[in-house]
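Side-chain atoms are counted along with the backbone in the values below, which use heavy atoms only and exclude waters and symmetry mates. Computed from a predicted structure; not experimentally measured.
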Amino acid sequence: MSNPSSDASLLEEVVVTAQRRSESLQDVPVTVTAFGAGQVEEARIRQVADVASLTPGLQFDAFPASQPRISIRGIGSSDRGAAGDPSAAVFLDDIYLGRPAAVAFDAFDVERIEVLKGPQGTLFGRNVVGGAINVVTRRPDHTGFDAAAEATVGNYERLEGAALLNAPLADGAAALRVSGAWRTHDGYVRNTFTGGRVEDQDTRSGRVALSAEPQPGLRLLASLDGTRSRETGPAQHVLDLDADDPLSAFWTIDRDRDQTAGSYPGYQNRDTWGARLQVEKDLPFATLIYIGAYRDLDYSAAYDFDGGNPTTNVVDIAGANDERSDFSSHELRLASPLDSDLQWVVGAYAFRSKTDRQDILDLNIAGDAGTEVYDQAAEVASYAVFGDVTVAVSDQLSLIGGLRFTRDEKDYWIDNLDGSAVFRAEERFDVTVSDSYEALTWRAGLTWKPDADHMAYGMISRGFKSGGFQDTPSSAADAVDGFEPEFATQYEVGQKSVFLGGTVVWNNTLYVMKYDDLQTRRTLPNLAVVTDNAGKATIKGYETYLQWRPFAGASLVTSYAYTDAQFDEFSPEPGVDYAGNRLSRTPEHKLVVSPSYTAELASGADLRFAVDYAYESRIFDDNSNTGPEQRDPTHMVDARIVFTEPSRHWTVSLWGKNLTDEVTRTFQAVFLGANFGAYNTPRTYGLSLNWKY
């Protein structure tokens, strides 16, 4: 939320809920990147990938795109198995989206998007060892009627529409808010073998929220949201050959991003929905808050992994995933009043999930086809109690402390009996296994605020990610052999300041993170994937954020992250030592520069020019840091011109993304003598028309 200043040259205040209460971003002792509703709309932030492109310290990639992999400050996970968890979590209105494929929403009609960096184990809980992304949607407004609509056309036959309606009810005692979006475009990549296109989009999403205040001090909020997507598979390519592997003769290199030759177009189908209820009751000494939610996911994807056909590749590899998940959560919090000198919150949390997942590998060698199937089922029960307090020692100095105890219980069943062949496994098996994991996470720190414009803080925080079991093990023994939780302890000092009468914001953070028992995945020669506890790593970094408004209409926002993420101890197999290597999928440098200028026309209209430039240094996609699994440095440029007519009801935006048509690899993996991978989205552009009541 932003509070506009009366002086157009001053910066707007940004309010976030990183500590489970509404505070100015400049007062929060956490490194947070926040995008307000205006930024989300103008920069066409629609999904998590759009957030990552503008956030140093946050990385996003996916294979396929409907199962995103997120990492924050070098900590992420590729584990999609039924008994695995992410290391950086996504929350929708404080509700944990517990499966990678469940991270599906449309950012139309959101209040803000917050990226919390570093362990958030006290207030946000399990599986936030690297950080968290919290998407906050707009609540119904009791004070008046509101409506808006958006329409977009663009290249690749892009057609989009979105609308919202807000209506007060019962003389303002209640309000209803309804929003929805429909987004389609043709495939970015032409399939030269099947004649069609892949990497298209057909996504529909909607949200209904009802808010009521039946009596003073009692507030109710109920919401229902859903997303349906139907897409073709990703465009895969043979990027490189391993000359030392005789199997490399099976493959033909194909590095043309604009086309693929896969024998199968594939599909990515996802239906997910959720219901949420929030009840707030003001008590004489605190506010009692209950948040309950249920979410459901029905997901299926199939794709040609090698990107070739019998005329190009001797071997044909195809994969598929089918998943059905549901999860529910209940949280009860008691929080101090916002105007209290002693800020505190205590609570209890319960989470349950059930996942049925099928992993399918089709391997066709010179016409001899076989299918391997892993069936998985996992049930998770997680319980936690927590407390956090901020004590004002003086007008300038405050002490912060928090604790959270979590217990996770996992039951897992896996077999590979249904397929016609076994490739990754050494034997047929049917295994049932259970385990439980407990962790005490915490934070402790202080803030020093000498005046209203400056704040310094120091914070030590600890987070954990739950243990689990293997996704596609080779044997019954491997299936039983799970992996333990991973932990991260971060030491951070930071400064947040406002200068020059409110025209400059400059924030800086230094941190060191000790990462223990980190869970890493590796592919064995037989294509089985093993998750191990790798040992130890140290992640050191510096992040800075500068926002400057030199004069009315002009703005410059710059953010930069330096991330030095290295293994201290990691021997994935006897005789192999990765100590000193960089953690995968983590650039050492990431810079975002966003200048803009708004000209006030004589008619009263506005014409705004804005550019986003993002640079990332080289990335290793494999912890070995050798071989072809590397991404060269990238330079991405987005831009837009926005015309707002005098009444402020209509805006027209001409926009473009990846205007230089930069080509980079977004996923790659080596096995069977080749490096297989996918490319980023090409240049896109379009025209958007927005109307606001």
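With no hydrogens or angles considered, no side-chain donor-acceptor pair links T55 and T33 at under 3.5 Å. A side-chain donor-acceptor contact under 3.5 Å links Y515 and E486. At a cut-off of 3.5 Å, with distance as the only test, no side-chain donor of E231 or N269 sits close to an acceptor on the other residue. In the model, T472 has no side-chain atom that pairs as donor or acceptor with a side-chain atom of D359 under 3.5 Å. A donor-acceptor pair shorter than 3.5 Å cannot be found between the side chains of T227 and S205. Side-chain contact check for D621 and S584: no donor-acceptor pair (N or O, by modelled atom type) lies under 3.5 Å.
Checking each of T355, D356, D296 against R324 for a side-chain hydrogen bond (donor to acceptor under 3.5 Å, both in side chains) leaves exactly one that passes, namely D296. The salt bridge (charged side-chain N to carboxylate O under 4.0 Å, His left out) with E492 is formed by just one residue from the set R443, R462, R73; it is R73. Screening R357, K354, R270 against E323 for a salt bridge (charged side-chain N to carboxylate O under 4.0 Å, His left out) leaves a single residue, R357. Looking at T538, T489, D568 one by one, the single match for side-chain hydrogen bond (donor to acceptor under 3.5 Å, both in side chains) with K514 turns out to be T538.
Taking the centre of each ring, F91 and Y96 come in below the 6.0 Å mark. Checked against the 6.0 Å centroid criterion, the rings of Y294 and W273 qualify as a close aromatic pair. In summary, the aromatic rings of F676 and F305 are positioned with their centroids under 6.0 Å apart.
With a 4.5 Å cut-off on side-chain heavy atoms, D430 and W413 count as touching. By the 4.5 Å heavy-atom criterion applied to side chains, H330 and F351 are not counted as neighbours. At least one side-chain heavy atom of F60 sits less than 4.5 Å from a side-chain heavy atom of P68. Contact check for V90 versus I70: side-chain heavy atoms found under the 4.5 Å cut-off. Between I317 and D362, every side-chain heavy-atom pair lies at or beyond the 4.5 Å cut-off. The closest side-chain heavy-atom distance from L399 to T390 is not below 4.5 Å. Between D516 and L518 the shortest side-chain heavy-atom distance does not fall below 4.5 Å. By the 4.5 Å heavy-atom criterion applied to side chains, P473 and I414 are counted as neighbours.
A donor-acceptor pair under 3.5 Å links the side-chain atoms of Q470 to the main chain of T531, judged by distance alone. Although no hydrogens or angles enter the test, the distance criterion places a donor-acceptor pair under 3.5 Å between the side chain of Q519 and the main chain of E484. Listed for the T441 side chain is a donor-acceptor partner under 3.5 Å among the backbone atoms of G121. A donor-acceptor contact shorter than 3.5 Å is absent between the side chain of S340 and the backbone of Q343. In this structure, N625 contributes its side chain and L583 its backbone to no donor-acceptor pair below 3.5 Å. Judged purely by atom type and a 3.5 angstrom limit, R126 has no side-chain atom pairing as donor or acceptor with the backbone of T406. Side-chain atoms of K117 never come within 3.5 Å of backbone atoms of G57 as a donor-acceptor pair (strictly under, hydrogens ignored). Distance alone, capped at 3.5 Å, places no donor-acceptor pair between the Q47 side chain and the A104 backbone. In terms of modelled atom types and a separation under 3.5 Å, the side chain of E438 and the main chain of S436 share no donor-acceptor contact. Side-chain atoms of R582 come within 3.5 Å of backbone atoms of T586 as a donor-acceptor pair (strictly under, hydrogens ignored).
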- Task: Take S434 and Y412 through the test side-chain contact (heavy atoms from CB on, under 4.5 Å) and record every step on the way to the result.
- Result: CA-CA 6 Å; S434 300; Y412 186 49; over 6 Å; no

- Task: Test F386 against L403 for side-chain contact (heavy atoms from CB on, under 4.5 Å), laying out the working first.
- Result: CA-CA 6 Å; F386 60 92; L403 287 171; over 6 Å; no

- So D271 and R230, salt bridge (Lys or Arg N to Asp or Glu O under 4.0 Å) or not? Walk me through it. CA-CA 9 Å; D271 295 280; R230 297 291 182 270; 2.8 Å; yes

- Query: Would T203 and R228 satisfy side-chain contact (heavy atoms from CB on, under 4.5 Å), going step by step from the backbone distance to the final call?
  - Reply: CA-CA 6 Å; T203 304; R228 177 188 185 274; over 6 Å; no

- Run the side-chain hydrogen bond (donor to acceptor under 3.5 Å, both in side chains) check on S77 and S87 step by step: do they pass? CA-CA 6 Å; S77 174; S87 297; 4.6 Å; no

- With side-chain hydrogen bond (donor to acceptor under 3.5 Å, both in side chains) as the test, would you mind laying out the steps for N581 and N623 before giving the verdict? CA-CA 7 Å; N581 285 11; N623 290 324; over 6 Å; no

- Message: With side-chain hydrogen bond (donor to acceptor under 3.5 Å, both in side chains) as the criterion, how do Q278 and D93 come out once you've worked through the C-alpha distance, each side chain's angles and the decisive distance to 0.1 Å?
- Response: CA-CA 10 Å; Q278 180 169 332; D93 289 326; over 6 Å; no

- Item | R139/E111 under salt bridge (Lys or Arg N to Asp or Glu O under 4.0 Å): CA gap, chis, key distance, verdict | CA-CA 8 Å; R139 291 191 172 196; E111 182 72 26; over 6 Å; no

- Task: May I have the step-by-step check of side-chain contact (heavy atoms from CB on, under 4.5 Å) for R424 and L361, ending in yes or no?
- Result: CA-CA 9 Å; R424 293 167 287 186; L361 174 64; 3.4 Å; yes

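In this structure, L224 and A275 approach most closely via the heavy-atom pair CD1-CB, 4.0 Å. The two residues F469 and A479 make their nearest non-hydrogen contact at CD2-O, 4.2 Å. The minimum heavy-atom distance linking I400 with P29 is given by the pair CD1-CG, 3.5 Å.
Put simply, OH on Y349 and CZ on F124 are 11.0 Å apart, with the number rounded to the nearest 0.5 Å. Atom-to-atom distance recorded for F487:CZ and F464:CZ is 6.5 Å, nearest 0.5 angstrom. Rounding to the nearest 0.5 Å gives a distance of 3.5 Å between CG of D408 and OG of S382. Atom-to-atom distance recorded for Y511:OH and E543:CD is 5.5 Å, nearest 0.5 angstrom. Of the inter-residue distances, the one linking R276 atom CZ with L221 atom CG reads 6.0 Å to the nearest 0.5 angstrom.
Salt bridge E379/K410: absent, no basic N to carboxylate O contact under 4.0 Å. Note on R207 versus D106: no salt bridge recorded, every NZ/NE/NH1/NH2 to OD/OE distance being 4.0 Å or above. Using a cutoff of 4.0 Å between basic side-chain nitrogens and carboxylate oxygens, R404 and D388 are not scored as salt-bridged. Under 4.0 Å is where a charged nitrogen must lie from a carboxylate oxygen, and between R521 and D79 at least one such pair does. In this structure, D517 does not pair ionically with K465, as no charged nitrogen and carboxylate oxygen lie closer than 4.0 Å. Under 4.0 Å is where a charged nitrogen must lie from a carboxylate oxygen, and between D225 and R295 at least one such pair does.
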